[in-house]
Peer 1: 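Next up is a structure, given as structure tokens.
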2 protein chains.
Amino acid sequence: MPHYLNVMATKATSAKGKRNSAQAAKTTAPAKAKVSPKPKRPLDSNTESIIKSAARTVFHQKGFAATRTRDIAAAANMNLALLNYYFKSKENLFQIIMVETLSGFFGTMLVVFNDTSTTLEKKITLAVEGYIDLIITEPEVPLFMMSEIRTSAKNLLTRLKGPESILQTVFVSQYQEAVKQGKITEPNPLHFLLNLLGMIMFPFIASPMVKTIAKLSDKQFEKLMLERKQRIPVWVKAMLKAK
Amino acid sequence: MPHYLNVMATKATSAKGKRNSAQAAKTTAPAKAKVSPKPKRPLDSNTESIIKSAARTVFHQKGFAATRTRDIAAAANMNLALLNYYFKSKENLFQIIMVETLSGFFGTMLVVFNDTSTTLEKKITLAVEGYIDLIITEPEVPLFMMSEIRTSAKNLLTRLKGPESILQTVFVSQYQEAVKQGKITEPNPLHFLLNLLGMIMFPFIASPMVKTIAKLSDKQFEKLMLERKQRIPVWVKAMLKAK
DNA sequence: AAATATTTTAATCAGATGATTAAATTATTT
DNA sequence: AAATAATTTAATCATCTGATTAAAATATTT
């Protein structure tokens, strides 16, 4: 096992510890002694980061259930056993990817939505541009998040605490203030967020369908998404004053 | 095997035919003689429809890769072997569910969008109402379709011919006419459809996330969706005249 | 009711899959 | 450089999983 994972209390099913030097010998802790590892984790061995990167790609594309550890090993061009050596299990590796992916996603949102120096309208523009640019780099992420969260849901999301805070952002305060001032018709900011995120993310989520139906190449699809980057703010702002 | 599936040319791997009566004996056709069955298929044996119904539920909830044939058998309260007896294979059963699901989805859309007697605005209202009501009965369907289509995509969608025709509907003609008359700003109907469908479907696709973040019960979530049934048409119509 | 066909069941198979192991290789420490 | 630790490899394991089979049970035909 990687040296930085050996903080006694190894997983009971693993017999590796035995070959380590003496101080590991006191490992009498049984089964599921889940100890948070990484005492002084070295800035990711190359092997480890290559595997993680491959895992990210494969998981994003196929989802947890359809992914084979052998797929990841092949994508990383690594021996299968190295996945378990560095990441214990498929589940654990997936968890890591999932948390990183969700963090990136909610992080981007919260940075924009909690900026006290920008107006509501500016935030809309920045969120749309930031998100579309972000998603274009990894277009499978929205669908990945939505489908994989079915299994995790509560567990994962509440433990991440980024998500929880979305409805207590500066953005929401500004939204409610604008409602009070009669500048916005729809009083519930959740509806607005669903509309905004739907317009941003749905086309990516539906992209296999969209590409087939509209007969678009990847290039053409991306162009369409870049058009949306300009137009969604306009559409959304029109919605705010609807009826 | 079910009697209506025995149109000679059985799957080579199946030895069942041997116990059938004489006329089946000429089955010399080898391996993958994929013959379209159902000569006079009896209106679905009870067992068969129970299995299909269970399969629909389980596939919709977990997706193809995460579904175990044993899950379906258990949900249907049937012996595992009956799945293969009636449906040959997991893949085949899935295919059937997928086609039926997609047909229902696109069918609903095309009925509304090809009605020559309704205006563009009326179509928007009808589409929103029809879809939200439909989806509420099976809220997992949008996410199911989007995630499962990744694997099938081309294959399935082109062979279904509902999807292809969406961009040649009466609705699109009416849209283009309205653009010509300056009543609509955005010239590309695809953008409009993405916005409309995104606003309708995205909340369901993101529902595990939405429920967790906004702390909504299933009941509260459904109420929110029914609100949207009223408001999406308003929002969307405002968008049409944006800028 | 006997004969035949269909449906259902329990047991089993073969291949896939996540994980582990012991040995080989490489790197680090002494 | 010898000793020790960490990494990598090939082989193997145990379980899961989709599918099949032969026999039993039930229904249909003659």
Side-chain angles (χ1 to χ4, degrees), chain A residues 1-7 10-25 31 37 39-42 44-51 55 58-59 62 64-74 76-95, chain B residues 1-6 10-25 40-42 44-51 55 58-59 62 64-74 76-95:
Chain A
M1 72 189 355
H3 62 287
Y4 57 87
L5 277 186
N6 180 29
V7 205
T10 61
K11 227 177 129 215
T13 46
S14 172
K16 279 269 181 41
K18 280 185 281 184
R19 256 186 303 92
N20 288 341
S21 58
Q23 82 275 9
K40 42 169 186 179
R41 179 174 179 169
D44 290 333
S45 88
N46 199 29
T47 304
E48 182 176 354
S49 62
I50 289 172
I51 291 174
V58 179
F59 278 139
K62 320 219 289 179
F64 178 80
T67 293
R68 307 290 157 241
T69 52
R70 284 163 175 80
D71 297 341
I72 297 173
N77 205 22
M78 295 283 173
N79 186 292
L80 173 63
L82 292 174
L83 299 218
N84 299 287
Y85 181 75
Y86 283 103
F87 296 98
K88 288 282 177 206
S89 69
K90 181 192 175 189
E91 272 79 7
N92 187 53
L93 178 51
F94 177 77
Q95 185 103 316
Chain B
M1 71 189 356
H3 63 287
Y4 57 88
L5 277 187
N6 180 30
T10 61
K11 226 177 130 216
T13 44
S14 172
K16 278 267 182 43
K18 278 185 281 185
R19 258 186 302 93
N20 289 340
S21 59
Q23 82 275 9
K40 44 171 181 177
R41 178 174 180 169
D44 289 332
S45 88
N46 199 29
T47 304
E48 181 175 355
S49 62
I50 289 172
I51 291 174
V58 179
F59 279 139
K62 320 219 289 180
F64 178 81
T67 292
R68 306 291 158 240
T69 52
R70 284 162 175 83
D71 297 341
I72 297 173
N77 205 22
M78 295 283 173
N79 186 292
L80 173 64
L82 292 174
L83 298 218
N84 299 285
Y85 182 75
Y86 284 103
F87 296 99
K88 288 285 177 202
S89 68
K90 180 192 176 189
E91 272 80 7
N92 187 51
L93 178 51
F94 177 78
Q95 185 102 316

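Keep in mind it's a predicted model, so treat the numbers as computed, not measured. We use all heavy atoms of the structure for the numbers below, so side chains are in, but hydrogens, waters and symmetry mates are not. Naming convention: chains lettered A, B, ... in sequence-line order (proteins, then strands); numbering from 1 in each chain.
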Peer 1: What distance separates Ile51(A) CD1 from Asn46(A) CG, expressed to the nearest 0.5 Å?
Peer 2: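 Nearest 0.5 Å value for the CD1-CG distance: 10.0 Å.
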Peer 1: Just N and O in the side chain of Thr47(A): are any of them under 4.0 Å from OP1 or OP2 of dT7(D)?
Peer 2: no
Peer 1: How many angstroms lie between CD1 in Ile72(A) and NZ in Lys62(A), if you round to the nearest 0.5 Å?
Peer 2: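 Output value for this atom pair is 9.5 Å.
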Peer 1: Nearest 0.5 Å, what's the CD1-CG distance between Ile50(A) and Asn77(A)?
Peer 2: 9.0 Å
Peer 1: Given atom OH of Tyr85(B) and atom P of dT26(D), what is their separation to the nearest angstrom?
Peer 2: 15 Å
Peer 1: In whole angstrom, what separates Asn46(A)'s CG from dT26(C)'s C1'?
Peer 2: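 Taking atom C1' of dT26(C) as the reference, CG of Asn46(A) is at 15 Å.
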Peer 1: Rounded to whole angstroms, how far apart are CG on Leu93(A) and C1' on dA19(C)?
Peer 2: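 Roughly 14 Å, once rounded to whole Å.
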Peer 1: Output the rounded distance in Å from CD1 (Ile50(B)) to C1' (dT8(C)).
Peer 2: 13 Å
Peer 1: To the nearest 0.5 Å, what is the distance between CG (Asp71(A)) and CG (Leu80(A))?
Peer 2: 10.5 Å
Peer 1: Looking at residues 76-84 of chain A, who's got a heavy atom less than 4.0 Å off DNA chain D?
Peer 2: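 Residues of residues 76-84 of chain A under 4.0 Å from DNA chain D: Asn79(A), Ala81(A), Leu82(A).
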Peer 1: Check whether any side-chain heavy atom of Phe59(A) lies under 4.5 Å from a side-chain heavy atom of Lys90(A), and answer yes or no.
Peer 2: yes
Peer 1: In whole angstroms, how far is the C1' atom of dG15(C) from the CD atom of Glu91(B)?
Peer 2: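 It works out to 14 Å between those atoms.
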Peer 1: Heavy atoms, side chains only, cut-off 4.5 Å: are Tyr86(B) and Leu93(B) in contact?
Peer 2: no
Peer 1: Taking Arg70(A) for its side chain and Thr67(A) for its backbone only, find out whether a donor-acceptor pair lies under 3.5 Å.
Peer 2: no
Peer 1: Calculate the interatomic distance between Asn92(A) atom CG and dG18(C) atom P; express it in whole Å.
Peer 2: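 Answer to the nearest Å: 15 Å.
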Peer 1: Please report the distance, rounded to the nearest Å, between CZ in Phe87(A) and C1' in dT20(C).
Peer 2: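 Whole-Å distance recorded here is 18 Å.
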Peer 1: To the nearest Å, how far apart are Lys88(B) NZ and dG18(D) P?
Peer 2: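 My rounded result for the distance is 18 Å.
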Peer 1: Report, one pair per line, the protein and nucleotides 14-17 of chain D atoms (nitrogen or oxygen only) whose separation is under 3.5 Å.
Peer 2:
from	atom 1	to	atom 2	distance (Å)
dT17(D)	OP1	Arg68(B)	NE	2.4

Peer 1: With rounding to the nearest 0.5 angstrom, report the CG to OG1 distance, Leu82(A) to Thr69(A).
Peer 2: 12.0 Å
